[in-house]
Amino acid sequence: MQSNGSSEQPLLEVRGLKKHFPIQAGFLRRTVGYVYAVDDVSFSIPQGKTLGLVGESGCGKTTLGRCIVRAIPPTAGEIWLHVDGQSIDLSGLSRNELRPLRRHFQMVFQDPYLSLNPRKTILDIVGEPLRLNNIAEGKALENRVRELVDMVGLNLKYLNRYPHAFSGGQRQRIGIARALALNPKLIVCDEPVSALDVSVQAQILNLLQDLQRELGLTYLFIAHDLSVVEHISDEVAVMYVGKMIEKADTRKLFTNPQHPYTEALLSAIPRPDPDQPLGEIELTGEVPNPASPPSGCYFHPRCKYAQERCRVEAPPLREVKPGHWAACHFSEDLELQGVGG
């Protein structure tokens, strides 16, 4: 994918990213195959925008996010970060080379409890990035932590409490405050609201949007809830078995999908009108094994529109309409149903 349909300068560019996990067997632990968790994914995110990344469990969303922040090393590909007038490829950097750059990108995790050290107070947790990067200590560190805690809507009197004393929503606010400590440009949000109650989800989403406007943040927002993604994203990308199969402006993708898998995902969104027929598309068969994906289009065993070409030829991700990318041989011929108006 050479363009994201926008003239804005991208903050993040991912080119041909792959992450293959070896399958080892036998006494000598020889490699007998690979799990193709992320397989040749490319996209970009403009500065100050949000790209929503969706797909079924096991499609590679979280692995992709962790590769981008270099929590795990990619197998191949490039991860270009454009900050402070520089363009830096993060993919091949060593741990020591990455350390001074990590202040530019941070991650908010799915489980707000497991991501916090239960033995440390909120002052310690939020202040830890400042200490590790020798940015502040003593009174200056405490003042910065107070600023961050106030920014995410927590009471300052909670600074000396431990994570177990907070609700799920409050813990996620703590995680967000920690991610903001170093003034990052990019934040990868890995299903940050999926473990929260619906009412709390809305509060956290609104907080993320407010912070984006105030601080000019750029988000890669990973989720499986399409309603959440629609609310927060400027663009949406869909993954299936390690590959990106569709990407477009949020409204275009929701109202006029160009891939049968996206159509099926959209049909499963709950509707507020009980009298409106569901019209959900039921996908037959199982999600393919990423260690042994099918030939041709990975989706063809479950696709009601599949033809012989789909079984033998893998469709490239191509621009089927201006700013709308899809990996389907027959996007121009199909009349797929979206949602909304």
- Run the numbers on Phe330 and Tyr305 for ring pair (Phe, Tyr, Trp, His ring centres under 6.0 Å), then give the verdict. CA-CA 9 Å; Phe330 304 106; Tyr305 307 106; 9.7 Å; no

- Can a cation-pi geometry be assigned to Lys243 and Tyr298, taking NZ or CZ under 6.0 Å from the six-membered ring centre and within 45° of the ring axis?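 The answer is yes; both the distance and angle limits are met.
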
- Message: Once rounded to the nearest 0.5 Å, what's the spacing between atom CG of Leu207 and atom CD1 of Ile176?
- Response: 5.0 Å

- Message: Which heavy atom of Thr262 sits nearest to which heavy atom of Val238, and what is that distance?
- Response: OG1-CG2, 3.7 Å

- Task: Please report the closest heavy-atom contact between Leu336 and Gln258, naming both atoms and the distance.
- Result: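 That closest heavy-atom pairing would be CD1-C, 3.6 Å.
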
- Task: Dump the intermediate steps for salt bridge (Lys or Arg N to Asp or Glu O under 4.0 Å) on Arg318 and Glu332, then the final yes or no.
- Result: CA-CA 12 Å; Arg318 58 193 178 88; Glu332 292 87 349; 2.8 Å; yes

- Item | Contact check, side chains of Leu211 and Tyr219, non-hydrogen atoms, under 4.5 Å |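 SC-SC contact between Leu211 and Tyr219 confirmed.
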
- Hey, does Pro163 have a side-chain heavy atom less than 4.5 Å from the side chain of Ile174? no

- Note on the structure: Quick note, side-chain hydrogen bond (donor to acceptor under 3.5 Å, both in side chains) partners involving residues 161-171, not counting sequence neighbours, are Ser167-Gln170

- Task: Scan residues 174-186 for pairs that pass side-chain hydrogen bond (donor to acceptor under 3.5 Å, both in side chains), counting only residues two or more places apart or in two chains.
- Result: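 Qualifying pairs, neighbours excluded: Arg144-Asn183.
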
- Query: How are the rings of Phe299 and Tyr240 set to each other: parallel, tilted or perpendicular (split at 30° and 60°)?
  - Reply: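 The rings of Phe299 and Tyr240 stand perpendicular, inter-plane angle above 60°.
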
- Query: Are the side chain of Arg173 and the backbone N or O of Met151 linked by a donor-acceptor pair below 3.5 Å?
  - Reply: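 Here the side-chain-to-backbone pair does not exist.
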
